[in-house]
Colleague: 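Shown below is the structure under consideration.
Labels below follow one simple rule: chain letters A, B, ... track the order of the sequence lines, proteins then strands, and each chain is numbered from 1. Quick note: numbers below take in every heavy atom, side chains included, and nothing from hydrogens, waters or symmetry partners.
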4 protein chains.
Amino acid sequence: VNDLYWPGDHRAGGVMSDPALVEAMVRVETAWLAALVSEHVAPADADADLTGLVGPEDADLLAELSESGGNPVIATVDALRSRLGATGAAAAWVHRGLTSQDVLDTALVLCLRDALDRVRVELDHQVEALVRLATTHRSSVMAGRTLTQHAVPTTFGLKAASWLDGVLDAAVGVERAATDLPIQAGGAVGTLAASTELAALAGLTDPVAVAVSLCSRTATTLGLAPHRPWHTNRAPLTSRADALAGCTDTWGHIANDVLTLSRPEIAEVAESSAPGRGGSSTMPDKRNPVLSVLIRRCALSAPSLAAQLHLAAAQSVDERSDGAWHLEWATLRTLARRTVVAASQASDLLRGLEVHPDRMRAHADAATAGLLAERDSLLARFGGSARAAGPEGYLGATDILIDAVLDRAADPASRS
Amino acid sequence: VNDLYWPGDHRAGGVMSDPALVEAMVRVETAWLAALVSEHVAPADADADLTGLVGPEDADLLAELSESGGNPVIATVDALRSRLGATGAAAAWVHRGLTSQDVLDTALVLCLRDALDRVRVELDHQVEALVRLATTHRSSVMAGRTLTQHAVPTTFGLKAASWLDGVLDAAVGVERAATDLPIQAGGAVGTLAASTELAALAGLTDPVAVAVSLCSRTATTLGLAPHRPWHTNRAPLTSRADALAGCTDTWGHIANDVLTLSRPEIAEVAESSAPGRGGSSTMPDKRNPVLSVLIRRCALSAPSLAAQLHLAAAQSVDERSDGAWHLEWATLRTLARRTVVAASQASDLLRGLEVHPDRMRAHADAATAGLLAERDSLLARFGGSARAAGPEGYLGATDILIDAVLDRAADPASRS
Amino acid sequence: VNDLYWPGDHRAGGVMSDPALVEAMVRVETAWLAALVSEHVAPADADADLTGLVGPEDADLLAELSESGGNPVIATVDALRSRLGATGAAAAWVHRGLTSQDVLDTALVLCLRDALDRVRVELDHQVEALVRLATTHRSSVMAGRTLTQHAVPTTFGLKAASWLDGVLDAAVGVERAATDLPIQAGGAVGTLAASTELAALAGLTDPVAVAVSLCSRTATTLGLAPHRPWHTNRAPLTSRADALAGCTDTWGHIANDVLTLSRPEIAEVAESSAPGRGGSSTMPDKRNPVLSVLIRRCALSAPSLAAQLHLAAAQSVDERSDGAWHLEWATLRTLARRTVVAASQASDLLRGLEVHPDRMRAHADAATAGLLAERDSLLARFGGSARAAGPEGYLGATDILIDAVLDRAADPASRS
Amino acid sequence: VNDLYWPGDHRAGGVMSDPALVEAMVRVETAWLAALVSEHVAPADADADLTGLVGPEDADLLAELSESGGNPVIATVDALRSRLGATGAAAAWVHRGLTSQDVLDTALVLCLRDALDRVRVELDHQVEALVRLATTHRSSVMAGRTLTQHAVPTTFGLKAASWLDGVLDAAVGVERAATDLPIQAGGAVGTLAASTELAALAGLTDPVAVAVSLCSRTATTLGLAPHRPWHTNRAPLTSRADALAGCTDTWGHIANDVLTLSRPEIAEVAESSAPGRGGSSTMPDKRNPVLSVLIRRCALSAPSLAAQLHLAAAQSVDERSDGAWHLEWATLRTLARRTVVAASQASDLLRGLEVHPDRMRAHADAATAGLLAERDSLLARFGGSARAAGPEGYLGATDILIDAVLDRAADPASRS
C-alpha cells in the first residue's frame with residue numbers, strides 16, 4: 001500500500017511495511033523455536049516452520065489487537081499458537097523464553113537491514129553517477145556562490161566532487177550501520193531467566209550457558225550479531241537513525257543546489273525530463289524539478305525523526321520504557337522508508353542530471369570582474385600579475401581537490 | 001487500514017486516511033465545478049457530481065502516479081476527466097481555475113475538520129469524567145509531590161481539577177482551531193488569473209468579482225470560510241497544529257501522573273482492567289497501564305510534528321514552496337491521526353480510572369511529618385498553633401481552587 | 001553581554017538577560033511582600049522595597065549557586081534575607097507563602113512581556129513598510145514562481161501584500177500572547193497552604209480568601225492577570241512560544257523570498273547597503289544579503305525551540321516536574337531573544353528593501369510565452385481572445401487581493 | 001560568565017565560551033600566518049604571534065560588530081590588522097588565503113575538541129563508578145520493572161552493568177568523534193584560489209602544491225587532521241553532535257532510573273547528600289534528586305540540538321549556505337556546553353549514589369508471587385520444580401551478563 005500523502009512512497013516497496021513486520025516477527029519466532037529444539041531445551045517435535053502461518057492478510061487485525069497489550073507481539077503469538085493447534089508441542093513452545101520486546105526489536109532490526117541494503121545499492125549508483133559528473137565537468141567553469149551571491153570561480157566538476165564527498169561520508173555511515181546489526185533476546189527483563197529455567201527443566205547441565213547459546217544461535221540463523229540485551233540502551237537504533245539522517249542531509253544538499261541552479265534565470269542544470277514528470281495541473285509548459293523538491297522535503301523531515309529516536313533513548317527507564325519504546329517503531333519505519341525513497345530519487349536525479357556548461361560559462365564571463373575581485377585585490381596589494389586571464393585563471397587547487405575525492409571514491413576502504 | 005506500528009491507530013478510523021483524502025479532493029472539485037456553473041462561467045451542462053468517480057479503490061494507483069507531478073492532484077484530475085468522458089463539458093471544465101495546491105490544501109482542511117470534530121467530542125467526554133473525579137475526590141487527601149519527592153499535602157480532587165484545567169485549555173485551542181477553517185483557492189500563483197480569464201471568456205461584466213465569488217461560493221458549499229490565498233502563508237495550518245499539540249501536551253501530563261501513581265509501590269490509581277488489556281506475552285500476572293503508555297508515546301511525538309509544520313511555514317518561498325509544502329501533508333496527517341487516537345484513549349483512561357483514596361491516605365499519613373514540615377517551620381518562626389491536625393489540616397485553598405475549575409468547566413463561554 | 005555565536009544578538013539588549021531575570025525575581029518578591037503587608041498577613045514593618053538589593057552584579061554568583069537547589073530562586077531569597085539583615089521583619093517575611101516555581105515562573109512571564117512588547121513595536125514598523133511596498137508596487141509586474149520555476153504573472157505589490165498578510169497573522173498571535181499574561185502563585189504544590197496558614201496565624205477571619213487575595217493583589221501590582229496555579233499546566237507558556245514561532249515563520253518566508261530575488265541572476269530586489277554591511281573577509285566586492293541570512297537562521301531554529309516547550313509541557317508530572325520545568329527557562333529565553341533580534345532585523349530589511357521593477361519587468365517580458373501558457377491553453381480550449389496583451393494582461397484579481405490585505409492592515413480590530 | 005537560566009552551567013567553565021571562541025580564532029590566524037611564512041608565501045617579517053592581540057575583553061564588541069558581515073571573523077581580522085599596525089608585513093599578510101568560514105569552522109572544531117576532552121574524562125570516571133556499583137551489587141536482588149509494573153527479578157548489579165554498557169556505547173562514540181577532527185581551509189569557495197595565487201606571486205614553482213601544504217601545515221600546528229574543504233558537507237559536525245547526543249541519551253536513562261528509584265515510596269537509591277544540595281525555598285525537609293533532575297533536563301534537549309545541526313547540514317546550498325551555516329555556531333556551543341555540564345553531573349551522581357539493597361530486597365520479597373509468575377506458569381506448563389526458592393532463584397544469566405559488561409569495560413579496545 002502506497003502512501004498518498006508522501007509522493008514517491010511506492011519506491012520503498014515493502015520495506016518496513018506492515019506485512020514486512022509481520023513476516024519478520026514470524027521469522028524471529030521461527031528461529032528461536034528452532035534454537036530451543038537444537039539446544040535440546042524443547043523436544044524435537046516442537047520444531048515448526050512458522051512461515052506464512054501468520055501473514056500479510058493478518059496485519060490489519062493484528063494492528064487492531066495490538067492496542068490491548070501495547071504491541072503487536074502478543075496477538076501474533078496468540079495467532080501462531082492457535083494456528084499451530086492447541087495440543088501440539090510447537091504451540092506449547094513457541095515464544096518460550098522471549099518477551100515481546102525481544103521479538104519486536106529483532107524484527108525491526110531485520111526490517112531495517114532491508115532498508116539499509118536498499119540504501120547501499122543506491123549510494124553505489126550515486127557514486128558512479130557523481131564520478132562521471134566530476135570527471136566530465138572537471139573544467140566546466142562556473143561562478144562560485146556564497147550567501148547567494150557570486151564569490152570566486154569554481155567548476156561544476158568540483159561541485160560534483162563535493163557532492164560525491166558527501167555521498168561517500170553518508171556511505172561510510174551506512175556501512176557502519178549495516179555492520180553488527182544486533183539481535184535482541186533478553187527475556188522479560190533482560191536476565192534470560194525463562195530460558196535458563198527452561199534449560200534447567202530440560203535437565204541440561206549448564207542452563208545459563210544454554211540460555212546464552214539460544215541467543216547466539218538465533219542470531220546466527222537470522223544473520224544478526226549476538227548482543228547483550230539492549231532493552232533500555234538504545235544506541236543500536238539511534239546510531240542507525242543518525243546514519244540515515246546523514247544520507248538525507250547530503251541528498252538535501254544536492255537537491256538544494258539543483259533547485260537553485262535550475263531556476264530559469266540561472267538554468268545551469270536541469271532535471272531529466274521523463275514523460276509527464278514535473279508537470280502542473282494547470283500550467284501546460286511547466287517542468288518542475290520534482291525529484292529535487294521531493295528529496296528536499298525528505299531532508300527537512302529526517303533530522304526530526306532521528307531526534308525522536310534519541311528522545312526515546314533518553315527517556316529510557318526501568319527494564320522496559322513506558323512509552324519511549326513504543327514511540328520508536330513508527331518513527332524508525334517512517335525514517336527508513338523515507339530514506340529509501342529519497343535514496344532512489346537521488347539516484348535518478350544524479351543519473352539524469354542535465355548540465356549546461358555553456359550557461360555556466362556565460363554567467364561566469366558576465367560576472368568576471370566580481371569573480372576576480374579577490375584576486376585583483378591581492379595583486380594590487382602584493383604586486384605582480386595574474387597567472388592567467390578569465391575566471392579559469394583563478395581556479396586554485398580545483399583539479400587536485402577533484403582528484404582527491406575521485407581517489408576516495410575508487411578506494412573501497414574509504415567507506416569503512 | 002490500521003497501522004501495525006502505532007497500536008491504537010484503528011481508533012482514528014478513516015480520519016485523514018488515503019481514501020478520506022481522495023474523497024475530499026473530489027468534494028473540492030465538485031464544489032468548484034458547481035460554482036463555475038452557478039456563476040455562469042461554465043455552461044450548465046458542465047455540472048456534475050463527481051462523488052465516487054474517483055474513490056478509495058484508486059488511492060493506491062493515485063499514490064504511485066503522484067510522484068510525477070509531485071502531488072496527487074494531477075493524477076486525480078486526469079482520472080476525473082477520463083472517467084467523465086473526454087468529450088463532455090464536465091470533463092472540459094473540471095478543475096479549471098484551480099491549481100493543485102488549491103485542491104490539496106482545501107482537501108486537507110476538510111480532513112482536518114473531521115479530526116478536530118473527533119477531538120472535540122472526546123474533550124467533552126474528558127471534561128465530564130474529570131468533573132466527576134474532581135467532585136468525588138475533593139477531600140481525598142494525598143501527598144503532593146515535587147521533583148519526585150513528597151512536598152506538602154494536596155487532594156486527588158485538586159489533581160483532577162488541575163487535569164481538567166489543562167483539558168479546558170486544550171479545548172479552548174481546539175474550538176479556536178475549528179473556527180473559520182479556510183478554503184484555499186487562488187489559482188496558479190494566487191492571483192485568480194485563470195478564473196478571471198474564464199469569467200471574461202464567458203462574457204461576464206465583472207470578471208474579477210466573479211473570480212472572487214467562485215471562491216466564496218465554493219467555501220460556502222464546503223462549509224469553510226473564504227480566505228485570501230495562503231499558498232505561502234501557512235499560519236492556517238500551524239495554528240491548528242499548535243492546537244493539536246496543546247491537546248497531547250495535556251494528555252501527556254495526565255498519562256505521566258497515572259503512570260507514576262499506578263506504580264506498584266504507590267498504587268494510588270490504576271487503569272481500568274478491560275479483559276486482556278495490559279497483558280504481557282510472557283508474564284501472566286501483568287497488568288500494564290497501557291493506555292497511559294500509548295498516550296505518553298503520542299505526547300512525546302506531537303511537539304516535533306507541530307514543529308515540522310512550523311519549519312515548513314518558515315521555509316516558504318516564491319508563490320509555492322519547493323518541498324516545504326510537500327512536507328506538510330504527511331506531517332499533518334500523522335499529527336491529526338495520532339491526536340484523535342490519543343483523544344479517544346484519554347477518554348477511556350479517565351472514564352475508567354480506578355482511584356484508591358485509602359492508599360493515598362496511607363501514604364499521606366505515613367509521611368505526615370515531612371508533608372507538614374513547611375507548616376511546622378512557619379509555626380516555629382512566627383509562633384501560633386496549627387489550624388488543624390494531620391495532612392488534611394494543611395490543604396490551604398484547595399476547595400476554592402477546585403470550585404474555580406469546576407465553574408470554568410460549567411461555563412461554555414470559557415472555551416472561546 | 002552580547003552573544004558572539006549569534007550575530008545580531010545585541011539588538012535584543014537586556015531582554016531576558018541574566019540581569020533582567022534577577023531584576024524580575026526581585027520585583028516578584030517585592031510585590032508579594034507588599035501584598036503580605038497590605039493584606040495584614042505580615043506586620044507593617046515587614047514591608048521593604050527590595051529593588052537593587054540583589055542585582056545584575058549578583059547574577060554570576062547566583063548562577064553558580066543555583067545548581068544546588070536546581071533553580072536560582074533559593075540563592076536569591078537567601079541573598080535577599082541576608083542583605084535585609086537577619087533580624088528584621090522583612091527578612092523574616094520575604095518569600096513566605098511562595099515556592100521557587102512561583103517566583104521563577106512569574107519572573108519569566110515579566111521578562112517575556114518585555115520581549116513581546118519589543119516584538120509588537122517591530123511588527124507595527126513592518127506593517128508600515130509593507131503597506132508602502134504593496135501600494136508602491138501594486139502594478140510592478142513580475143514572474144510568479146512555483147517550485148522554483150516560472151508560473152503565471154503576478155506583481156511585486158501582491159507579493160508584498162502577501163508578506164503583509166503573514167505579518168498581520170503574526171501580529172494577531174502576538175496580541176493574543178500579550179493578553180492576560182498570568183501570575184504564578186500557588187505555594188509549594190499549588191494549594192496556597194502556606195499563605196492560608198500565615199493568614200490564619202495573623203488571626204484573619206477568612207484565611208483562604210486572604211490567600212487568594214494575595215495572589216490577585218500581587219498580580220495587579222505586576223500588571224499580570226490572576227490565574228489558577230499552573231505549575232504543571234504549561235499552556236500559558238506554550239501558547240506564547242507558538243506565537244513567537246508564528247512570527248519567525250513569517251519573517252523566514254520573507255527572508256527566503258529576498259534571498260532568492262536578490263541572487264545576482266535575478267536581482268529583482270536587494271537589501272539596503274549600509275556601510276560595511278554584507279561585506280566579506282576576503283572578497284572586496286561582496287554585498288551579502290546578511291539581514292535575510294540571519295533572519296533565515298532564526299526561522300530555522302524557532303520551531304524546534306517552541307517544540308521543546310511543548311515537550312516540557314507534555315512531560316509534566318506530579319505537582320512540579322522533575323526536569324521538564326527546568327528545561328523551559330533557557331529555552332524560552334533563547335526563543336524570545338532570537339525572536340526580538342529577528343523582529344528588529346526584519347524591520348530593517350523591509351524598511352530598506354530596494355526593489356527593481358525594471359528587472360522584474362525584463363524577466364517577465366523575456367518569459368512571457370511561458371507565463372501566459374496557462375492562459376493560452378484556456379483560450380485554445382474554450383475559444384475567445386485574451387483580455388489584454390503581455391503579462392500585465394493576466395493578473396486576475398491582483399488589485400482586489402492587495403486591497404483586501406491593505407484594508408486588513410488599516411483595521412486595528414483585525415489583529416485581535 | 002555563567003548562565004543563570006541553566007543551573008550547573010558553571011561546570012563547563014570556559015568551554016565554547018565567547019572568550020574561548022575569540023582565542024581559538026586568533027590561534028587559527030596565527031597558525032595560518034606562520035604557515036604562510038614557513039612555506040615562503042609570505043616574507044619572514046610577516047610572522048607574528050597574534051596571541052592576546054585580540055582577547056576576551058574584545059568579545060563583546062566583536063559580537064556587536066559581527067552582525068554587519070554576518071559572522072565574527074571580519075571584525076576579528078580588522079582588529080588584528082589594526083593592532084598589528086597598518087604598515088607592518090604581518091598586518092598585510094594575516095588571513096590572506098582564508099575566508100571567514102575557514103577561520104570560524106576551524107575555531108569551532110578547536111573549541112569542540114576541548115569539550116570532547118572534558119567529556120572523555122568524565123566518561124572514564126563514570127566507568128569506574130559503574131564498575132564498582134555493578135561489582136558490589138552483583139547479587140543485590142531487586143524487582144525488575146517493565147512499563148512501570150513489577151516484572152521478574154533482577155539485580156541492581158545488572159542494572160548498573162546495563163548503565164555501564166550504555167556509558168561504554170557513549171564512550172565509543174566520543175572516541176570516534178575525537179578522532180581526526182578536521183581543519184577547514186578552502187578559501188572563498190573551497191578552491192584554495194587565493195592561496196594558490198599568493199604562492200604564484202611569491203614565485204614558488206608549484207603554487208597548487210604549496211596551497212595544499214598550507215592547509216596541512218596549519219592542521220599540524222593546531223593538532224587537527226587535514227581535510228578536503230567541507231564548507232557545505234557538514235558531516236564533520238553532525239557526526240560529533242550525534243556522539244554528544246549519544247552521551248546525553250545514556251545519562252538521561254540513568255537519571256530517569258535514579259528519579260524513579262529514589263521516589264519515597266520506592267527509595268531503593270538516593271543521590272548523595274551534599275550540604276545544601278536538593279533543598280527547597282520553602283520546605284525545610286526536602287532533599288530533591290537535583291543532579292538527576294538537571295541531567296534529565298539536558299537529555300530532553302540534546303536530541304533537538306543535534307537535529308538542528310542535521311537540519312543545517314540538509315539546508316546546505318551553493319559554496320556557503322545562506323543561514324544554515326550561521327545556525328550551527330550557537331547550536332553546537334549550546335549542545336557542547338550542556339553535554340559537558342551533564343557529563344560532570346553524571347559523574348557526581350554515580351560516584352555518590354547511595355544504594356539500599358535492603359529496600360530492594362524488601363520490595364522483591366513483598367512482590368515475590370508476582371515476580372515469579374512467569375516461572376510458575378512455565379513450571380505448571382512443562383512440569384518440574386523450581387531451581388531455587390525466592391526471587392534470587394530466578395535470576396537467569398545475570399552473572400554472566402554482568403561479567404560481559406565488566407569485561408567490556410576492562411578492555412580499552414572496546415571503545416574504538
Colleague: With sequence neighbours excluded, tell me which residues meet side-chain hydrogen bond (donor to acceptor under 3.5 Å, both in side chains) with D:Thr238.
Modeller: none
Colleague: Testing the basics here: between D:Asn288 and B:Thr146, what is the closest heavy-atom pair and its distance to 0.1 Å?
Modeller: OD1-O, 3.7 Å
Colleague: Answer yes or no: is there a side-chain heavy-atom contact under 4.5 Å between D:Lys286 and B:Gln149?
Modeller: yes
Colleague: Between B:Val290 and chain D, which part of the residue has a heavy atom less than 4.5 Å away: side chain, backbone, both or neither?
Modeller: neither
Colleague: Tabulate, in ascending numerical order, the residues of residues 360-382 of chain B having at least one heavy atom closer than 4.5 Å to a heavy atom of chain D, or enter 'none'.
Modeller: B:His363, B:Gly370, B:Ala373, B:Glu374, B:Ser377
Colleague: Using a heavy-atom cutoff of under 4.5 Å, enumerate the residues of residues 244-267 of chain B that contact chain D, numbered in order, or state 'none'.
Modeller: B:Leu259, B:Thr260, B:Ser262, B:Arg263, B:Pro264, B:Glu265, B:Ile266
Colleague: B:Thr148 and D:Pro289: which non-hydrogen atoms are nearest, and at how many Å?
Modeller: OG1-CG, 3.5 Å
Colleague: Looking only at heavy atoms, which of residues 306-325 of chain D get nearer than 4.5 Å to chain B?
Modeller: D:Leu311, D:Gln315
